[in-house]
Structure formats: structure tokens, C-alpha cells
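Please read the structure below before turning to the comments.
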Protein chains: 2
Amino acid sequence: MVSSKDVAKRAGVSQTTVSRVLNTPEKVTDKTLEKVNKAMKELEYRPNLIARSLVKKKTHSIALLSGPLHNPFYVETTMSIVNYAKAHGFNVNVHFESNTDQLSVYEDVFKHQVDGIILSSILYEDPIYQELQQLNVPFIMFNRKHKEKGHYIEMDNAKAGRLATDHLLELNHRNIAWIGGPLVTSTFLARYTGYCEALENKGVPVRSENTVITDTGKAAVLEKTKELMARKNKPSAIFAATDSIAIYMMDWLLKNGYKIPEDVSIVSMDNVGWSHHHAFQLTTVGTVEQKNLGEIAIGHLIELIHQKERGESGPFIQQTLETRLFRRHTTKRKES
Amino acid sequence: MVSSKDVAKRAGVSQTTVSRVLNTPEKVTDKTLEKVNKAMKELEYRPNLIARSLVKKKTHSIALLSGPLHNPFYVETTMSIVNYAKAHGFNVNVHFESNTDQLSVYEDVFKHQVDGIILSSILYEDPIYQELQQLNVPFIMFNRKHKEKGHYIEMDNAKAGRLATDHLLELNHRNIAWIGGPLVTSTFLARYTGYCEALENKGVPVRSENTVITDTGKAAVLEKTKELMARKNKPSAIFAATDSIAIYMMDWLLKNGYKIPEDVSIVSMDNVGWSHHHAFQLTTVGTVEQKNLGEIAIGHLIELIHQKERGESGPFIQQTLETRLFRRHTTKRKES
DNA sequence: AATATAAATGGAAGCGTATTCATAGTCAAG
DNA sequence: CTTGACTATGAATACGCTTCCATTTATATT
């Protein structure tokens, strides 16, 4: 490995000077600048960022703890986050949530001296929050939030839940199933709460068999869908907590001869790119914004990092985005 | 930041000993081990991996240079790669190919002292190859390969191209369009070559207007589809070079009233998860393997890294996977 | 031409860790 | 006891870089 010392020797200057042409070239004579640059080229010198990080206490990298990519929502946020970060000089260490080693992921991240953390993988009452705080590294949550607040960007999930449910109610549906992930997560909890509220407002009882909690992976969703449709008293409409779940369900339903929306209406949530596809035309609730949640969050995170560098400290970033219903073609009035 | 020195002071031992309980605890008395562990807990000490990396010359992180996630193929490989790497103690720095700063990505990666590089983003004659070589860091290509060979995992793209085209020919199609990305990429080139060969074998002329080169993003594909179908002499079948392209096309086609496969047959390539979806049921060509290309490649890469550590050097890994046609429901016999 | 001032350069310390080498401590065998 | 052979520990150095401080060199001022 060729180091700045080697370059120095070759150029006949001190190692300090080499460092200077890298960091403050204006403090170096044109002549020596040229000498040093020439030596660098010849030796194919590349500064060792590890060493630089050690002294500057800045790694120019951030950790992303994302939900799994089988959910297109996280595909979109991951792309946005990585690209935005890169454009601003940051590297992204990506980690995906997994049922098994929840904690080990964090241990991993903690030791890696990142400049900031952006995460969707957090439970509403996750004890990991306190550990994150003690790290003294800026972190922001997107999509999901934590009980203790902190910095976060979310959509108004409760309202979204109401919007979706109201839509189905207006279409005369009364037997509406809700299917989503575990309620220990802020998003699923709020979306479910919104569903319940909307039903209660209309005086429609929340029936326990209409609440389906599932793992969000494909296999589990298909299984739950099968169970749901095997019931005597099938729902006439389904509120899927994410587009991802809705799309998996549609796979099963179509494969088993159900027509959508004729046989069953489906509304979901997130308004991911796939939901526009003509093969789905999913009615869904999403934010009004152009940017996705990840894109907004990464912008803030980088600002937080810069703030910390300057020794400043701004207010908490706590954004709850407006949502609206994107009515497409998976919902239909129930004829009674 | 609490360092091993602080721990040492607190535990009343030397920094060396602290380092030892971390790395070779068996060389330390139970008594002092306990003391040190206690001090670590109390101070919430976390070893600084940056410093460790500097001396050990090992970062435990690898760089992934991936194609864009709007292609589901790369979604699947990215998930596999990140998860596999994590399970083997490696962090993954993710970068996505972008039309603009091709080179800057590499510069970025080069300086970051990764232990290995796994990439799909490379052109067949990419000059970046030489730079990668000089880095003296193990790297492996997946999906796409380079003229100079090196380590790579691909599917048999030429054969796949022939399979897909033969399928359409057998279904009596003669006016078959090929649509794919720039031919400077090994995958597109080979898939196109296979297409041409298959046509020529049957004595069907390759017509230039049936070769459509496009950017692989959604907007561009839609535009090209529109142009293609506006022609007087529309193709009766389309060979899309990736499932991603095929799915975009289907969006446009369905939206514009075309029935698939009645009005136009579509075959594509990669056999991504989405192609199974009942809303698509895409006829496609993919590998026979269970694992995706990324998963296979990352396994090899980690092995290469370990080999290098041991000072060994094995043979080049050059795998070209068998492919087969997955016949589903987007292709249909042409009635003449 | 002499001095004051600014600009350019180099020496050395330090970032937090691992590791080599020397030293002090322990214990068994004689 | 004494010697020898380990074992447990610590001091010192190195990893490649930035940065503070001291020194030299160039430039401006009188």
C-alpha cells in the first residue's frame, strides 16, 4: 500500500506537505503542488480514508436500517437514500431487518463509527432507542416512529387508516377485514387504529376475526389470505396495511379465480410505484408529497450531521405528512 | 468517546490488557478479565472499528456496485448479498449505477478500503477493470462480465436469447422485436446475439427496426413501447431483454387496450419473483439454480477474501449458469 | 539594504487500536 | 532454596493520516 510518506519521499517534500495538497492546496506553492501531484499519479496514490477518519472522527458514512426489500416501499426509499447520500458525499451501509438477529444488527452498526443513522426498523416501544441516544450520533426514523419521538418522518397513519376505511364504508361495505403486520410497530398500530375509529364512527362493530396479523413476507400473506377467504363469512372488502401485502394477496386471489374488485374490494397504503401498474391499479392511500419518506429523511439527517459538526443543535424534526386517497380500480361499490 | 485507554485506567490495567480481553481473552487471568469487563460495561465501551481497521488492514466491509433497483432483479440480488454478507461478518456499502457519475462512484469505492468488491455495474470493455485489478482487492462480477474475464457469475445469456427467440419462432411468430439496454453491456449484447442467431437459424431476417435500444428506466421504456406499437408493421411478438423492461411494457400495453398474449406475445429474461405474479404470468428465461446470481457471487467473494488473508490464491471463478424457459402466459401461438 | 511581515514548509504529536518484546510473577522440579 | 519454564502483564511502537507549532523562505515596507 502506497502511503503519503511514499509520495513525500518521491516528491522530495515532507509528508505534511503531501497532506496539505490534499486538504488545503491553496497553502502550497504551485511548484511543489505540481511535484506532489506528479508523484501521486506515478505511484497511483489513494489516500487512506480509514486513517483520515481516525483523526478527523468523521467517516462520511451513514447506516441505513431498512425494512425488507420484498416491500416495494423500502425499495424506493433505499434507492433514494443511497443516491441522495452519495450526492452529498456519504457512503451508506445498508442493513435489512430480519426476524432473527434484531440486536446483532445494532451492535454491528454501533461499532462502525458512522456519522449518522437512518432507520425504519424500530418498534414503537423499542428499547434500542435509548442505546441509539447514548451513541451521540444523529439518527432519524422514517416511516415508523418511536414512542419517545426524537427525529422522525412519517405519514399520518391514523388518518390514512380512516381514509381508507371510510372509502370502503362509503362504498357500502360493512364486512371489512384488516390485514397487516404486528401492532408493535407504529405504522401498523396507527393504521389499525384508524380502521377501528372509522368503523366505530359509523357504528360498525370491529369484529376480531376481521383483524388479521401476519408476517409481511409473501408465504405468510398467501397463507393468511387463504384462511381469510375460506371463511363462511368472507369479507366483502379488505384493507391491507401496505401495498406490498395487497399485491401478494392479489396474487392469491387472482390465482384462485377471484375477480377484483367484483368479488372483493381492496384498499391499501403507501402508494408505491407498482400500485400504478395497469395490472394492479391499486386503490391506496399515500402522502401528498412528491418525495418519498426516505428521501425527506435523508435530507434532514445530513443536515443534522452538519449541524452537529458546527456544534449547533436545532429543534427536533418531527414531520407527519398529509395523506390522501388515490382511487384506482381495486375498490367497487357493494351491491346489497 | 471512551477508548480502551479509559477502560484500562478504570480497571487498573494497561491498555494492552484491555486489547487482549477483546482479542485473546484466554491469555488473561479470570480475575483481570472480570475487572476489565466490568469497567467496559460501566463505561459503555465500544471498540473503535476504524482504529482497528487501520492496524489490521481489514475493514470487514465490502462494496456492492449494483444496477438500479427499478429492476427487480437487482432488488433480489441486493437483498441476498447484504444478508449473506452480514451473516458472515461483513458490512455492505451499497452504490447504485447512475448514468451521470460513472467514474466518481469508483473513486469513492477505491478510497474506502473495502475488503472486497462485488459488482454488476460494468461494461464489457470497461476501462475500470484495469483499475480494479490494480487495487489488489478481490472483486467479482455478477450478471454482467468483462472482456478480460476475471471472477464472474453469469447466466448463459446467448443461449437464453436463443431459447426465448426459438420459443417465439415455434409459436409461429416471424415479426419479433427485441428491446433492451445498450449493447456495451455483456448481458444485453449476448441476449441480442442469441436473438439474432436464432432468427438466422430459421432463415428469418433480422430487421433493424425490430431492434430497440433503450434506457432501462420506466419513462424511456414506455416511450419506446409507444413508438414500437405506432408502427404500421407492428411486431406480433416482443423479446424484452429483462423482466423489468417487459413489465414496464405491459403497463403501457394494457393501459392502451392491448391484450396479452392475444394481441402481442411477450417473452423476457431473468425470471424475477414478480414474473410469477398472477397479474403478469410472464414467460421468461432464467437460471436453473435456486439461488440468484448475487447470492452465488457473494459466497465466492467472501471465500476469495479469506483466501487472500491466508495468502493463498485459487483458480478464477468463472461460472456460466444453465438456463431454461419458464413458460407462463404471455406468449401464444400466432394464427396466420 | 535592513527590517518587518506574511507565506510556505517540516517536525512531531496524536487519533484508538493491535502487536512485538521485555519484564515481573508463578510454580514445579531439582 | 535455586533454577528453569511458563504465564500474565505492561511499555513501546506502528498503522496512515491531520494538525499544531516552530522554522525557513519569500515578499513588502521603510
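Throughout, protein chains are lettered first and strands after them, A, B, ... in sequence-line order, and every chain is numbered starting at 1.
- Between the CD atom of Q113(B) and the C1' atom of dC15(D) there is a distance of 11 Å, given to the nearest Å.
- A sub-4.0 Å separation between OP1 or OP2 of dG16(C) and a side-chain N or O of K57(A) is present.
- Between the P atom of dG16(C) and the CG atom of N23(B) lies a distance of 17 Å, rounded to the nearest Å.
- For R52(B) and dC15(C), the CZ to P distance is 19 Å, given to the nearest whole Å.
- In the set dC15(C), dT17(C), dC15(D), dC15(C) carries the atom at the smallest distance from any side-chain atom of V55(A).
- No side-chain N or O of T16(A) forms a donor-acceptor pair with one of S19(A) less than 3.5 Å apart.
- Remark: side-chain polar atoms of H146(B) are paired, donor with acceptor, to backbone N or O of D126(B) under 3.5 angstrom.
- The residue T16(B) sits close to a base: some heavy atom pair falls under 4.0 Å.
- Heavy atoms from other residues, nucleotides or ligands lying under 6.0 Å from NZ of K308(A) number more than 12.
- Rounded to an integer number of Å, the gap from K5(B) NZ to dG10(D) P is 15 Å.
- Separating the CD atom of Q15(A) from the P atom of dT18(D) is a distance of 8 Å, rounded to the nearest angstrom.
- R20(B) contributes a side-chain N or O that forms a donor-acceptor pair with the base of dG10(D) under 3.5 Å.
- Of the candidate nucleotides dG16(C), dG10(D), dC17(D), dC17(D) has the atom lying nearest to any side-chain atom of S4(A).
- Residue contacts shown for V18(A) are absent, as no nucleic acid heavy atom lies under 4.0 Å away.
- Protein atom CG of L54(B) is 4 Å distant from nucleotide atom C1' of dC15(D), rounded to whole Å.
- Look at CG on N48(A): it is 10 Å from P on dT18(D), rounded to the nearest Å.
- Between the side chains of H306(A) and E312(A), no donor-acceptor pair is found at a separation under 3.5 Å.
- Proximity of S14(A) to the phosphate of dG11(C): no side-chain N or O atom is located under 4.0 Å from OP1 or OP2.
- A close approach under 4.0 Å does not occur between any side-chain nitrogen or oxygen of T32(A) and OP1 or OP2 of dA8(C).
- Within the 3.5 Å criterion, the main-chain N or O of M155(B) finds no donor-acceptor partner in the side chain of T320(B).
- Among the nucleotides dC15(D), dG16(D), dT9(D), the one closest to any side-chain atom of T29(B) is dT9(D).
- Here dT25(D) presents its C1' atom at 11 Å from NZ of K31(A), a figure rounded to the nearest Å.
- Distances were taken from every side-chain heavy atom of S19(A) (C-beta onward) to each of dC15(D), dT17(C), dT18(D); the shortest belongs to dT18(D).
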